[in-house]
*Asks:* 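So that we are looking at the same thing, I have put the structure below in structure tokens.
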Amino acid sequence: MFYIGCHLSCAKGYLPMVKEAEKIGATAFQFFTRNPRGGNAKALDDADLEAFLRKKEELGIGPLVAHAPYTLNGCSADASVREFAWRTMKEDLERLERIRMIAETNRIPAAEIFYNFHPGSHVKQGTEVGIQLISDMLNGVLNPEMKTVVLLETMAGKGSEVGGRFEELRAIMDRVAYSDKVGVCLDTCHVWDGGYDIVNDLDGVLSEFDRIIGLERLKAIHLNDSLNVRGAKKDRHAKIGEGQIGLEAVVRVINHPALMHLPFCLETPNELDGYAKEITLLRSKRR
Ligand code: FE
Ligand code: FE
Ligand code: ZN
């Protein structure tokens, strides 16, 4: 199975979201749990979730990948920003557990559920303090009963972002008590901007990932081209084949034996029709 899709919105409900996935031929998708800039989440509707889960199952859609708001920064120097991050993550995880419960109650096989977030920016406090604050947050919100796995996203290393190096993600995971609840999502634009040469040495980058983090911790891929050269630390996504990574390298990513079972989510600058075209293109290149 090739799990390929893009960013979709659940603002109009979960069933409409999965219908949108069907329309563009997606077998995976990622959605914001709330407005990506923060704010309150819409109340969940059990009937909508049940219909959503049935449709998702019927379409053979892979793991559910939720994305935390961009404003979530668990390693901010500002205590009120950290408090917002804790509260948002805790609430989002509860909502995702509820989706799983509804699947269980209705005997619908619930796929794996992931909650992806940007580790955060330490803003002059230093990477070490950042790593500590992020692991403090995870220790504060994770519990042994939950089945959702939280994913640390690999970052471009822009400004004071934590997570631009695999070592930093490893250090966070090492300090988390329930570390089986933590995985990683690899963003192709971000690792490229962070300096990892996925164009000329994908195998080398993946073996470095395996040595430092462990490939078994890798749960999802964000599939993006990058506007900038390797190591630019800019984080500007480009359409597939229109950036510095290029179509051939992206095709090697989707067909790599260590990656091909994972859900691939496009976060390219596109509207729905553009995503549909990229999905069709990548499907034609899948071996
Ligand atoms: Fe992201
Ligand atoms: Fe991403
Ligand atoms: Zn990005």
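Values in this document were obtained by computation on a predicted structure and should not be read as measured data. When a ligand or atom number is given, it counts from 1 through the structure's own listing order. As a basis for the values below, the full set of heavy atoms in this structure was taken, side chains included, without hydrogen atoms, waters or symmetry mates.
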*Asks:* Within a radius of less than 6.0 Å around CD of E271, do more than 12 heavy atoms belonging to other residues, nucleotides or ligands occur?
*Replies:*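 Counting other residues, nucleotides and ligands, CD of E271 stays at 12 neighbours or fewer.
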
*Asks:* Counting backbone and side chain alike, does H237 bring an N/O/S atom below 2.8 Å of the Zn ion (ligand 3)?
*Replies:* yes

*Asks:* So D235 and H237, side chain to side chain donor-acceptor pair (under 3.5 Å) or not? Walk me through it.
*Replies:* CA-CA 6 Å; D235 189 6; H237 300 192; 3.1 Å; yes

*Asks:* May I ask you to list the protein N, O or S atoms found at less than 2.8 Å from the Fe ion (ligand 1)?
*Replies:* H67 NE2, H118 NE2, E153 OE1

*Asks:* Do you see a donor-acceptor pair shorter than 3.5 Å between the side chains of Q132 and R175?
*Replies:* yes

*Asks:* Let me check your reading of the structure: within less than 2.8 Å of the Zn ion (ligand 3), is there an N/O/S atom from H222?
*Replies:* no

*Asks:* Quick one about Y178 and N143 (side-chain donor to acceptor, distance below 3.5 Å, no hydrogens or angles considered), yes or no?
*Replies:*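 There is no such pair between these side chains.
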
*Asks:* Give the name of the N/O/S atom in D235 that lies closest to the Zn ion (ligand 3).
*Replies:*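 This residue's closest N, O or S atom turns out to be OD1.
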
*Asks:* Consider only side-chain N and O atoms of E161 and H118, and report whether a donor and an acceptor are under 3.5 Å apart.
*Replies:*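 No.
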
*Asks:* Any chance the side chains of N270 and T268 put a donor and an acceptor closer than 3.5 Å?
*Replies:* yes

*Asks:* Applying side-chain contact (heavy atoms from CB on, under 4.5 Å) between V176 and each of L152, I134, V182, report the one that passes.
*Replies:*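 When L152, I134, V182 are each tested with V176, the side-chain contact (heavy atoms from CB on, under 4.5 Å) holds only for V182.
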
